[in-house]
Colleague: 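Take this structure, written in structure tokens, and hold onto it; I'll ask about it next.
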Amino acid sequence: MKKENKKISNGVNKDLPKAYNPQDYEDKIYGEWEKSGYFNPDICVRKGICEKNAKPFTIIFPPPNITDKLHLGHGSNLAIEDLLTRYHRMKGYRTLWLPGTDHAAIATQNVVERKILKEEGKTRHDLGRAKFLKKVWDFAKVTQVTILKQSRKMGASLDWSRQAFTLDEPRKKAVRKMFVEMYKEGIIYRGERIVNWCPRCHSTLADDEVNYKEQKAKLYTFKYSRDFPFAIATTRPETKLGDTAVAVNPKDKRYKKYIGKIFAIDFVGVPLKLKIIADRNVDMKFGTGAVGVTPAHSMVDWQMAEANRLPIVKVINEEGKIKNNFGKYSGKGVLAAREIIAEELKKQKLLEKEEEMDNNLSICYRCGTPIEPLPSKQWFVSVDKKLKRLGDKSLKEKAIEVAKTGKIKFIPERFTKKYLDWMENLHDWCISRQIWFGHEIPVWYKDKEIYVGEEIPKGKGWVQDEDTLDTWFSSGMWTFSTLGWPDDFKNRKKSGDLTNYHPTQVLETGYEILTLWVSRMIMMSEFALEEIPFEKVYLHGMVLDKQGKKMSKSKGNGIDPIDVINKYGTDAVRLSLLIGNTPGNDTRVFEEKIAGFRNFTNKLWNISRYIITNYELSITNLKIDYKNCTLADNWILEELDEVRFLVDKKINSYEFSAAGEILRDFTWDKFADWYLEIAKIEGDKSNILIYVLKNLLILWHPFMPFVTEAIWQEMGNSEFLMVEKWSKVGSSISVGVDVRDGGGVLRKDEMNLIKDIIISIRNARAENKVEPGKKVKAIIYAGRLKNLVESQVDLIKGLRTGISELEIKENGPKIKNEIYLTVAGVEIYLIGAIDREKEKERIKKEIANLKKMISLTEKKLENKEFTAKAPAEIVKKEEEKLKSWQEALEKLKK
RNA sequence: GGGCUUAUAGCUCAGUUGGUUAGAGCGUCACGUUGACAUCGUGAAGGUCAGAGGUUCGAACCCUCUUAAGCCCACCA
């Protein structure tokens, strides 16, 4: 690294600025990382960073939609996955994190359509397919570049050499192959079915792309004609033009006699032939208990029609208008037709009732237009057909099995149930979409002939299917289409990246697409590779604003990741996304929170700055002389060991927040506020300080990669921290020392006592309003702890206790009218500092507190059931507590 | 209608098999600033763990009900 005008000694920068400025480091460091090639696991192997036969750790990044730049939700994705990636890379895994973007067919097409309409006043039909698609691609390129730039800004250690797009050439090939293979296996079929049709988007919508809107609707109760024996009720009279039956409940006595009969009648000028059928699902209490059946324009009715072999009459066309041959209604919009028919019924005195009711209107999830259920020829994936390659199980059964047997685990657990519920109710998946932007369907037609294949058929006159594929069809293949499938899968055997990196280890994504995406990935991977796509599914919550509202553009409450990165630094943004939330739950993020973590970043910087500038760094030869370790030295090394163990454990159980909090507490409280202050008193500790610091940087690196790498390099390390080995718990390979093996004695409790004494003294001084500058004399009766306390005189005097003179005895007479404290049996007098009133108050408060505790514990222990039924160790603990409180109380009372 | 989540300090949240005097960060208040850091330090105040019952020697935690906020699914002719 270049160092200009800086004090450099042995590669160490001794001239660090007072505050960490992320801008000075982030882009530069990211550039260096990227140049090193270490984001690519193959290069790590080649350069000896990672062993060739090391266990793989793969995450495929959930590809963001190219509809827009990244928001904080993606930031959360990136932060979590980068944490996992960096952690495993440092742990020695062959670690791959693969980036990409999603073409998001409908969503993208819609954004561009809206844009064109706004800017040019044109629709996609005005432009035509080719010109429109060019516009979409132009748009896609721009957002894609932004997305990739943003990901780099987040510090993501993604392997850019493997970057993929759901609609690039390799993925197109994979999609064609998949379609053809599924077709050959007979699980892709073409059929007519009622689909959710959006008359505005001119496309079918999957069930989960339909939204509902509560609204008031009119319920019309009427007779079809005078010749028809009873009335029906409907909110959509216009569809009744296509009725071919009337359904009643088989138990309904009112209508029993009509079941099976056929009525030929005239309905507002249109002839209808209605069969009376029985169906259990008809609610006798709703309306008149009789339902007009319109097979062509209702899902439920379609099913009834199939069951009863009813004819199907289409009334509404793709524009949402009444079809031809319906007399004066033809060409009218559905709403207009409804009004006219209602009028007509009124005229004919057939309308019995018109009432308001609550209704759930189906609307398009993109544009909000009411959905028209229409019969249409579509391509489907059968989820129920048994497949030989899946051991005579269907896709659905297989996808259920892997979750039930725990082959795929969901974190948190509860999502297993959600997944299974959804999976068990799954119907065949409609994969064709009537939009232009997306994967073309590899099907060609010539007259009545049909050709399904990966290549364009030979000969003239073939016309390709105009539809495109559901976006989830290509993103469902994401774990393996990015890893070389189908080229690396000849004769049903994996090779290349597929062998090395599939199945992946974790899929980390938002819970909102558990059903949409995760389920499809599982089915498609099972179909193509006969293996699971990932071992674990970690689901994170949504990122909300301070009020707990979803961040959205229209509300203007969103935080742009780049804005806050520029303001507070990437590390602070990452921490605010990682710390303070738990798996599967939503999390609120706001600037004050990010600012808090910026402060922490700076704290770590200054801890390092202090050590780097004040101590001589000998990085290569770090030996800790255990024989000469002080109590505090032993303590901090023990604490570090424990922190290392805990952080490891927490990361492995996906409790990133807990891991971060443990680290923060150690860094700020134990290391900075206590140990560094102690080091100033106890003299040279460069080896221990550097040892702890290096370990801290290693532990923090997955959370905050930039500042840790920056410090690491300023310390004169030649290799990147990014590829430094994560220390094994208890043995610190990275810096060549080991606390336990070195003969360290566990002395945490002793140090905690000394800390308590110091805190109590500070506390008592503050409560007695002793001026901070005033030095006082202290007398300590330490009993059997005399030697321990005596050995720590320097600390007791030096750590902001304001004690100038300290006398330590085993015991002695009570000293009247002085500040008096007890800490675990150790009695402390502060001489000449008392404020009688304040001290009296303080003692009174303490006695009251002790009395309260004593009486509570006594009651507990007097309870025979407690002593009999509670475990012995709990009882013993209570007894010990009681004893120590009683002793303290005795001493205070004297 | 079915299911899920959340409710703990002023705010944001921890609290993993029931045993703590219920914690952290921010904020507030008091004091301080000694050369790593005011993006700082020391200390304090602040909680009927949403409510009501129950199980238990013992409940923030387990069970039942209630209330409130939010989400998902199904569906309403």
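Heavy-atom basis, side chains included; hydrogens, waters and symmetry copies ignored. A, B, ... follow the sequence lines: proteins, then strands. Residue 1 opens every chain. From a predicted model like this one, the values you see are computed outputs, not experimental measurements.
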Colleague: Mind checking the C1' distance from G53(B) to G1(B)? Whole angstroms is fine.
Modeller: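 Here G53(B) and G1(B) have their C1' atoms 27 Å from each other.
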Colleague: Does D571(A) use its side chain to pair, donor to acceptor, with the backbone of F706(A) at less than 3.5 Å?
Modeller: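 At least one qualifying donor-acceptor pair exists.
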Colleague: Is K18(A) close enough to A36(B) that one of its side-chain N or O atoms is under 4.0 Å from OP1 or OP2 there?
Modeller: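 No, no such contact exists.
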Colleague: Given F600(A), which partner from the list F703(A), W700(A), Y568(A) fulfils the ring pair (Phe, Tyr, Trp, His ring centres under 6.0 Å) test?
Modeller: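 When ring pair (Phe, Tyr, Trp, His ring centres under 6.0 Å) is applied between F600(A) and each of F703(A), W700(A), Y568(A), only W700(A) qualifies.
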Colleague: In whole Å, measure the gap between the C1' atoms of U20(B) and U8(B) for me.
Modeller: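 Nearest-Å result for U20(B) against U8(B) at atom C1': 15 Å.
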Colleague: Strictly below 4.0 Å: does W668(A) bring a side-chain N or O up to OP1 or OP2 of C40(B)?
Modeller: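 The answer is no; no side-chain N or O of W668(A) sits under 4.0 Å from OP1 or OP2.
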Colleague: Between R598(A) and U39(B), is there a side-chain N or O to OP1/OP2 distance below 4.0 Å?
Modeller: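 No, no such contact exists.
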Colleague: R762(A) near the nucleic acid: base, sugar-phosphate alone, or nothing, with a heavy-atom cut-off under 4.0 Å?
Modeller: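 Sugar-phosphate, no base atom in range.
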Colleague: If I take atom CG in residue N863(A) and atom C1' in nucleotide C57(B), what distance separates them, rounded to the nearest angstrom?
Modeller: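 Distance, rounded to whole Å: 5 Å.
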Colleague: Heavy atoms only, 4.0 Å cut-off, all strands: where does V589(A) land among base, sugar-phosphate and nothing?
Modeller: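 V589(A): no heavy atom of the nucleic acid under 4.0 Å.
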Colleague: Looking only at atom C1', what distance separates C49(B) and C40(B), rounded to whole Å?
Modeller: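 Taking atom C1' in both C49(B) and C40(B), they lie 34 Å apart.
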Colleague: Taking only the P atom of each, what is the distance from U39(B) to A44(B) in whole angstrom?
Modeller: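 Rounded to whole Å, the distance is 24 Å.
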Colleague: Reckon A672(A) touches a base, only the sugar-phosphate, or nothing at all at heavy-atom distances under 4.0 Å?
Modeller: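 Counting heavy atoms under 4.0 Å across all strands, the contact made by A672(A) includes a base.
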Colleague: Would you verify whether the NZ or CZ of K680(A) falls within 45 degrees of the ring axis of Y610(A) while also being under 6.0 Å from that six-membered ring's centre?
Modeller: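 Yes, cation above the ring, under 6.0 Å and within 45°.
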Colleague: Output the rounded distance in Å from OH (Y20(A)) to P (C37(B)).
Modeller: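 Going from OH in Y20(A) over to P in C37(B) covers 18 Å.
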Colleague: Starting at the 5' end of RNA chain B and moving along, which residue's nearest nucleotide shows up first, P772(A) or N425(A)?
Modeller: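 So the residue in question is P772(A).
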Colleague: Whether R765(A) contacts G43(B) is assessed here as follows: a side-chain N or O lying under 4.0 Å from the phosphate OP1 or OP2. Is that the case?
Modeller: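 Looking at the OP1 and OP2 atoms of G43(B), neither is under 4.0 Å from any side-chain N or O of R765(A).
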Colleague: At less than 4.0 Å, is any side-chain N or O atom of N606(A) found next to OP1 or OP2 of C40(B)? Yes or no.
Modeller: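 Indeed not, no polar side-chain atom of N606(A) lies that close.
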Colleague: How far, in whole Å, is U12(B) from U28(B) if one measures between their C1' atoms?
Modeller: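 Taking atom C1' in both U28(B) and U12(B), they lie 16 Å apart.
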Colleague: Strictly distance-based, threshold 3.5 Å: is any side-chain N or O of S76(A) a donor or acceptor partner for the main-chain N or O of L72(A)?
Modeller: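 Not confirmed, S76(A) side chain does not pair with L72(A) backbone.
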Colleague: Check this one for me: any side-chain N or O of K603(A) less than 4.0 Å away from OP1 or OP2 of G41(B)?
Modeller: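 Indeed, a polar side-chain atom of K603(A) lies that close.
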Colleague: Indicate, with a heavy-atom threshold strictly under 4.0 Å, whether L676(A) touches base, sugar-phosphate, or nothing.
Modeller: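 Base contact.
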Colleague: Determine yes or no for a side-chain-to-main-chain donor-acceptor pair under 3.5 angstrom, with T294(A) supplying the side chain and H297(A) the backbone.
Modeller: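 No: the side chain of T294(A) does not pair with the backbone of H297(A).
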Colleague: Without decimals, in angstroms, what is the distance between E592(A) CD and U28(B) P?
Modeller: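 It is 11 Å, rounded to the nearest whole Å.
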Colleague: Looking at U12(B), I'd like to know if its phosphate oxygens (OP1 or OP2) sit under 4.0 Å from a side-chain N or O belonging to R588(A).
Modeller: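 So the side-chain polar atoms of R588(A) do come within 4.0 Å of the phosphate oxygens OP1 or OP2 of U12(B), strictly under.
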Colleague: Please check if the number of heavy atoms outside K418(A) that lie under 6.0 Å from its NZ is greater than 12.
Modeller: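 Enclosed.
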Colleague: If C57(B) has a Watson-Crick or G-U wobble mate with both distances under 3.5 Å, name it; if not, just say none.
Modeller: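 The base-pairing partner of C57(B), which may sit in any strand shown, is G19(B).
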Colleague: Is there a donor N/O on one and an acceptor N/O on the other, under 3.5 Å, for the side chain of E865(A) and the base of U56(B)?
Modeller: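 In this structure, the two groups form no donor-acceptor pair.
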Colleague: Does a side-chain N or O from N763(A) land closer than 4.0 Å to OP1 or OP2 of A44(B), or not?
Modeller: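 Indeed, a polar side-chain atom of N763(A) lies that close.
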Colleague: Can you see whether F228(A) has K223(A) sitting over its ring - NZ or CZ less than 6.0 Å from the centre and within 45° of the normal?
Modeller: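 Verdict for F228(A): no cation-pi partner in K223(A).
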Colleague: In whole Å, what separates the C1' atom of A14(B) from that of C73(B)?
Modeller: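 Pairwise C1' distance, A14(B) against C73(B), rounds to 31 Å.
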Colleague: Between the base of A36(B) and the side chain of K680(A), is there a donor and acceptor pair under 3.5 angstrom?
Modeller: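 In this structure, the two groups form a donor-acceptor pair.
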Colleague: Using only side-chain N and O atoms of T582(A), determine if any of them is under 4.0 Å from OP1 or OP2 of A14(B).
Modeller: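 Result: yes.
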Colleague: What's the gap between G46(B) and A24(B) when it is taken at their P atoms, as a whole Å value?
Modeller: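 It comes out at 14 Å once rounded to the nearest Å.
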Colleague: Mind checking who C26(B) pairs with, Watson-Crick or G-U wobble, both distances under 3.5 Å?
Modeller: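 Here C26(B) is engaged in a pair, and the nucleotide opposite it is G10(B).
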Colleague: Please give, in whole Å, the distance from C11(B) C1' to I594(A) CD1?
Modeller: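 For the pair I594(A) CD1 and C11(B) C1', the rounded distance is 16 Å.
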Colleague: Is a donor-acceptor pair below 3.5 Å formed from side chain K418(A) to base C72(B), judging by atom type as modelled?
Modeller: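 Flag unset: no donor-acceptor pair detected.
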Colleague: Could you give the distance separating A60(B) and A7(B) at their C1' atoms, to the nearest angstrom?
Modeller: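 Their C1' atoms lie roughly 12 Å apart.
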Colleague: Rounded off to whole Å, could you give me the CZ-to-C1' distance for the F590(A) and C26(B) pair?
Modeller: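 So the CZ-C1' distance, F590(A) to C26(B), works out to 8 Å.
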Colleague: Please report the distance, rounded to the nearest Å, between CG in L16(A) and P in C37(B).
Modeller: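 Checked: the CG to P distance equals 12 Å.
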Colleague: Would you state whether a donor and an acceptor, one from the side chain of E655(A) and one from the base of A14(B), lie under 3.5 Å apart?
Modeller: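 Answer is no: no donor-acceptor pair is held.
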